[in-house]
Amino acid sequence: DAGVIQSPRHEVTEMGQEVTLRCKPISGHNSLFWYRQTMMRGLELLIYFNNNVPIDDSGMPEDRFSAKMPNASFSTLKIQPSEPRDSAVYFCATQGRLYGYTFGSGTRLTVV
Amino acid sequence: AQKITQTQPGMFVQEKEAVTLDCTYDTSDPSYGLFWYKQPSSGEMIFLIYQGSYDQQNATEGRYSLNFQKARKSANLVISASQLGDSAMYFCAMREGGTSYGKLTFGQGTILTVHP
């Protein structure tokens with residue numbers, strides 16, 4: 001079991017550029033979550049999917065953020081255009097068992 | 001209103017001693033789950049322990065136990081026999097609702113430092 005795989009691990013980009021974060025969930029896990037972690041706001045849920053369908057996107061900050069889950073083995077979180085305040089660690093997590101949530105290693109995004 | 005409150009920004013403990021990290025929660029849903037995660041300096045989120053709202057007994061996982069007091073809406077994490085490797089950020093989280101899936105809401109975390 002390779003766990004939840006996120007890429008890239010680190011991303012540095014210039015303000016205004018498009019950023020795409022990727023997540024490969026654990027096979028068989030039906031729910032996928034995108035979280036953002038900052039010092040000021042802690043861990044915030046951005047969006048989550050169940051069986052590839054978005055269930056709750058109320059945490060998506062604004063239209064610059066979008067997330068997709070085209071199939072059970074892949075999800076993306078896109079920021080376009082990126083801004084310095086988007087700098088954070090972005091986690092993907094999946095859930096398969098009754099109560100187990102597994103987090104990926106995170107993507108540290110820096111927008112300069 | 002905060003759904004998960006961790007009132008201790010930082011805690012210190014001597015190696016081999018026990019430590020309790022506090023967590024209170026707020027929900028009107030009778031069915032919910034409570035979780036604790038550990039985040040070491042390397043950044044990964046490590047699941048420690050789970051307590052369901054209908055569970056009759058407090059959850060235990062090795063050196064971790066959850067002191068669940070439903071009436072007080074508290075779910076404190078107890079770490080026994082602290083080790084240097086326990087130094088990390090600890091998060092309490094809650095999932096509301098009776099479904100087996102759903103979002104986790106996290107507290108602000110407590111930084112635990114274990115002294116030799």
Side-chain angles (χ1 to χ4, degrees), chain A residues 1-6 8-10 23 25-26 28-60 67 69 72 88-109, chain B residues 1-10 23 25 29 31-55 57 59-61 64 66 68 75 88-111:
Chain A
D1 187 350
V4 177
I5 300 173
Q6 290 188 246
R9 288 296 306 273
H10 303 275
C23 176
I26 294 172
H29 280 202
N30 299 327
S31 298
L32 183 142
F33 307 80
W34 283 100
Y35 282 88
R36 178 172 68 177
Q37 185 177 28
T38 60
M39 288 292 291
M40 290 298 296
R41 301 173 68 90
L43 276 157
E44 307 172 273
L45 177 72
L46 299 177
I47 185 171
Y48 82 94
F49 299 83
N50 190 55
N51 292 323
N52 312 336
V53 175
I55 303 298
D56 183 350
D57 65 355
S58 59
M60 295 287 263
M69 192 164 186
V89 178
Y90 291 81
F91 285 103
C92 174
T94 67
Q95 183 205 11
R97 297 180 298 129
L98 182 62
Y99 50 78
Y101 295 78
T102 304
F103 281 74
S105 298
T107 294
R108 182 174 296 277
L109 174 66
Chain B
Q2 290 280 356
K3 284 188 174 289
I4 296 287
T5 302
Q6 295 180 253
T7 57
Q8 306 154 315
C23 173
Y25 59 92
D29 200 316
S31 180
Y32 51 90
L34 298 159
F35 301 74
W36 278 91
Y37 280 83
K38 173 184 178 181
Q39 187 176 41
S41 57
S42 53
E44 70 263 37
M45 294 288 287
I46 302 168
F47 167 72
L48 296 178
I49 198 166
Y50 165 82
Q51 180 85 43
S53 59
Y54 294 118
D55 292 346
Q57 295 191 343
T60 61
E61 290 285 349
Y64 304 109
L66 201 151
F68 181 45
M89 176 78 90
Y90 288 81
F91 291 99
C92 180
M94 176 174 63
R95 182 191 65 222
E96 295 175 278
T99 60
S100 59
Y101 67 90
K103 62 184 181 183
L104 289 180
T105 302
F106 286 86
Q108 287 299 103
T110 296
I111 299 175

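Just so it is clear, the structure is predicted and the values come from calculations on it, not from any experiment. Throughout, a chain's letter reflects where its sequence line sits, starting with A, and its residues are numbered from 1.
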Original post:
chain A heavy atoms under 4.5 Å from B:Gln39: which part of the residue, side chain, backbone, both or neither?
Top reply: side chain
Roughly how far apart are [X] [atom1] and [Y] [atom2], rounded to 0.5 Å?
X: B:Tyr37; Y: B:Tyr90; atom1: OH; atom2: OH; value: 14.5 Å
X: A:Ser31; Y: A:Phe49; atom1: OG; atom2: CZ; value: 11.0 Å
X: B:Ile4; Y: B:Gln108; atom1: CD1; atom2: CD; value: 11.0 Å

Original post:
Who among A:Val89, A:Asn30, A:Leu43 has the most heavy-atom pairs with chain B under 4.5 Å?
Top reply: A:Leu43
Subject >> Portion of A:Gln37 that has a non-hydrogen atom of chain B nearer than 4.5 angstrom >> reply: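 Side chain of A:Gln37 only, per the 4.5 Å heavy-atom cut-off to chain B.
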Original post:
Under a 4.5 Å heavy-atom cut-off, does chain B meet the side chain of A:Arg108, its backbone, both or neither?
Top reply: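 Looking at A:Arg108, nothing touches chain B.
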**OP:** Report yes if some heavy atom in the side chain of A:Phe33 is under 4.5 Å from a heavy atom in the side chain of B:Leu104; otherwise report no.
**Re:**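 Counting from C-beta outward, A:Phe33 and B:Leu104 never come under 4.5 Å.
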**OP:** Verify, without hydrogens or angle tests, whether B:Trp36 (side chain) and B:Ala75 (backbone) share a donor-acceptor contact under 3.5 angstrom.
**Re:**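 Side chain of B:Trp36 to backbone of B:Ala75, a donor-acceptor pair under 3.5 Å: yes, one is there.
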Subject >> Top of B:Glu44, B:Met45, B:Lys103 for chain A proximity - count of heavy-atom pairs under 4.5 angstrom >> reply: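 Option with the greatest count: B:Lys103.
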